[in-house]
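Reading through the structure tokens given below for one structure.
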Amino acid sequence: MKSLLRLLPALAGLLPARAALPSWVDPDTGHRVVQLSADPSVESLYFTQYAFTAGGSKMVMTVPRTGNIDVVTLATGENEHVYTEGRARVVQTGRKTGAIYYVKGGYLYALDPATKQSRQLVKVPDNGGIAAINCDETLAAGTITLNDHISKDSIRRKEGAAPKILPGGIEQGDIPSQVDKHAMMDRRLAARLPCSLFTIDLRTGAVKILVQGTDWLNHQQFSPTDPGLLIYAHEGRQWKVDRVWLIRADRDGAKPMLVHQRTMRMEIAVHEFWSNDGQWVWYDLQTPLSEDFWVGGYNVKDGRRVWYHLPGGLWMVHYNVSPDGTLFSGDGSDPQIHYAQSKDAKWMFLLRPELIPDQPGETPDQAHMIQAGRFVPEKLVNLAKHDYSLEPNGMFSPDGKWVIFRSNFRGPIGVFAVEVAKAK
């Protein structure tokens, strides 16, 4: 990917005058920030949704107020409206073809961002929602939940907040206050509603049920490299559930595997995500809640476990990992609205992982133990003016040189990129 620095004077001849996108160096960090969205109220995708197309040169953005879809060319900042018919809920982009998958009116569609033409693929099962597309674009995954009025009915308008599309199948809604959300999660978990985890074959429309019960299942994510491997979450207040699970979606009768077993009261493992090579499942780990913070990792190939510790009580709403696996990002938090009362945490962060070396002499069972490490944080962008009812949802650009996030720190909601290297 060409450098985003070309967004400066070069944009004048590429875009209409209104789209001369801002760029500046954050005076508190020394890192260059570029605004990627030309229009207000445009957002990047959720941090687990793959968002890149055209070989990684373009990124999908959504317009939650309308349900339209935009694309930005990362090298130039050129914004383009690729879908303007409204009420689309983007699932992700396809890793193989670059198609933009979205749900509208009970059907799953694939949008070609080059031609702006959509193909209707399959009908979504009744009472179902689709959350993920596998890496070879042959399967979609989601959940079917019966009688679920609790999640939707509990959404409340936070005064002054813009409507947005929430992850987990709610197509349109308002931003809930934290109090409303936590109360809803307790009611929803206690309701024990019938719920099924399913896949649907995008070639035939055949639906297969993987898991059935009354647990609250959510946040499906296919491996970036293995078309049959799926992680999903047992949803609820995090200290009440063993959340992170793996299953083979391509094998009949496959049994789910618990990725992280809680062993401490009020311990939580949450906000799971894949590494780009499909080898690691990473997750926010707190031992216990709001006290000691880690990013835990499980290697699906060989079973190794690594926990990276965050210093000084620092906690992020979401973490992410660079394409080459050498760096992590964090999008900060607000002690006024989050459980974790982290001080000076309203920043976009770069997190450099370091393993803690072993002392001489191995023990016989050492190979099966958790490898401990630490994160060395670096501040990228000052988010002191950001309202964290909108989560920044940081993600790395495909070349690993930028961290992309959404924010309202300059007023209207927009999409921004901060350069990993300091500005020269």
Side-chain angles (χ1 to χ4, degrees), residues 1-8 21 23 25-26 29-37 44-61 71-77 92-96 98 135 221-225 271-284 295 297 299 306 308 310 316-332 347-355 373-381 383 392-407 415-424:
M1 186 191 307
K2 296 178 182 179
S3 174
L4 288 170
L5 293 178
R6 292 175 60 186
L7 275 168
L8 297 172
L21 305 181
S23 172
V25 174
D26 188 309
T29 70
H31 289 266
R32 182 171 299 281
V33 183
V34 176
Q35 182 171 331
L36 296 179
S37 54
S44 52
L45 299 187
Y46 192 56
F47 82 110
T48 59
Q49 293 173 284
Y50 189 68
F52 302 97
T53 188
S57 65
K58 297 185 178 184
M59 188 187 75
V60 172
M61 305 184 293
V71 165
V72 58
T73 300
L74 296 176
T76 65
Q92 65 175 78
T93 60
R95 292 178 180 271
K96 182 179 180 180
C135 62
Q221 301 168 57
F222 276 106
S223 162
T225 56
H271 286 162
E272 57 288 336
F273 59 98
W274 283 102
S275 64
N276 188 61
D277 61 7
Q279 293 204 30
W280 290 90
V281 176
W282 298 103
Y283 50 92
D284 173 2
V295 170
N299 189 296
V306 175
Y308 289 113
L310 284 113
M316 322 287 172
V317 179
H318 296 121
Y319 304 91
N320 223 322
V321 64
S322 63
D324 64 3
T326 62
L327 296 170
F328 288 74
S329 67
D331 56 9
W347 303 80
M348 289 298 300
F349 286 92
L350 187 69
L351 304 170
R352 302 183 188 276
E354 295 179 351
L355 293 176
R374 64 174 72 89
F375 278 143
V376 179
E378 179 183 353
K379 294 173 179 176
L380 295 176
V381 186
L383 295 185
N393 284 285
M395 63 181 73
F396 283 88
S397 60
D399 63 4
K401 295 181 179 180
W402 299 79
V403 176
I404 298 165
F405 63 101
R406 59 195 187 194
S407 182
V415 181
F416 303 86
V418 57
E419 194 170 16
V420 170
K422 285 206 172 187
K424 296 180 180 179

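- In this structure, V381 and H31 have side chains that are not in contact, with every pair of non-hydrogen atoms separated by 4.5 Å or more.
- Counting heavy atoms from C-beta on, the side chains of L383 and F349 never come closer than 4.5 Å.
- Ring-plane geometry between F273 and F328 is classed as perpendicular, the angle between the planes exceeding 60 degrees on a 0 to 90 degree scale with a lower cut at 30.
- Proximity of the aromatic rings of Y308 and F375 is defined here by a centroid distance below 6.0 angstrom, and this criterion is met.
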message: Run Y319 and L310 through side chain to side chain contact (heavy atoms under 4.5 Å, CB included) and show every step you take.
response: CA-CA 12 Å; Y319 304 91; L310 284 113; 3.5 Å; yes
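- Proximity of V418 to D26: side-chain heavy atoms (C-beta onward) are nowhere separated by under 4.5 Å.
- Annotation for K96 and C135: closest pair CB-O, 3.7 Å, computed over non-hydrogen atoms.
- Side-chain atoms of D331 come within 3.5 Å of backbone N or O of N393 as a donor-acceptor pair.
- The distance from the CZ atom of R95 to the CG atom of N276 is 6.0 Å, given to the nearest 0.5 Å.
- Note: K422 NZ to L350 CG = 11.0 Å, rounded to the nearest 0.5 Å.
- Residue A417 comes nearest to L36 through the heavy atom pair CB-CD1, 4.0 Å, listed as atom of the first residue, atom of the second, then distance.
- The CG atom of N320 sits 11.5 Å away from atom CG of L327, with the distance rounded to the nearest 0.5 Å.
- Side-chain contact between M59 and V415: present, with at least one pair of heavy atoms (C-beta onward) separated by less than 4.5 Å.
- Side chain of S397 to backbone of W402: a donor-acceptor contact under 3.5 angstrom is found.
- The nearest pair of heavy atoms linking F396 to P323 is CB-CD, 3.8 Å.
- One N or O on the side chain of S223 and one on the backbone of T225 form a donor-acceptor pair closer than 3.5 Å.
- Put simply, CD on E419 and OG1 on T29 are 11.0 Å apart, with the number rounded to the nearest 0.5 Å.
- Here the CE-OG distance, from M348 to S329, works out to 5.5 Å after rounding to the nearest 0.5 Å.
- Nearest approach of P224 to G278, heavy atoms of both residues: CD-CA, 3.9 Å.
- For the pair H271 (side chain) and V317 (backbone), a donor-acceptor distance under 3.5 Å is present.
- Listed here is the closest heavy atom pair of S275 and W282: CB-NE1, 3.9 Å.
- Annotation: side chain of V72 is not in contact with side chain of S37 (no heavy-atom distance under 4.5 Å).
- Within the 4.5 Å cutoff, side-chain heavy atoms of L74 are placed close to those of P398.
- The side-chain heavy atoms of L351 and M316, taken from C-beta on, include a pair separated by under 4.5 Å.
- Between V420 and V403, some side-chain heavy-atom pair lies under the 4.5 Å cut-off.
- Under a 3.5 Å cut-off, the side chain of R352 and the backbone N or O of V376 do not form any donor-acceptor pair.
- Not counting sequence neighbours, F222 has no partner by the ring-ring contact (aromatic ring centres under 6.0 Å, His included) test.
- The backbone N or O of Q221 sits nowhere less than 3.5 Å from a side-chain atom of E272 that would complete a donor-acceptor pair.
- The ring-ring contact (aromatic ring centres under 6.0 Å, His included) check on W274 picks up nothing, with sequence neighbours excluded.
- Classification of the F52-Y50 ring pair by plane angle, with boundaries at 30° and 60°, yields perpendicular.
- Going from atom CZ of R406 over to atom CG of L45 covers 8.0 Å, rounded to the nearest 0.5 Å.
- In this structure, A51 and M395 approach most closely via the heavy-atom pair CB-SD, 4.2 Å.
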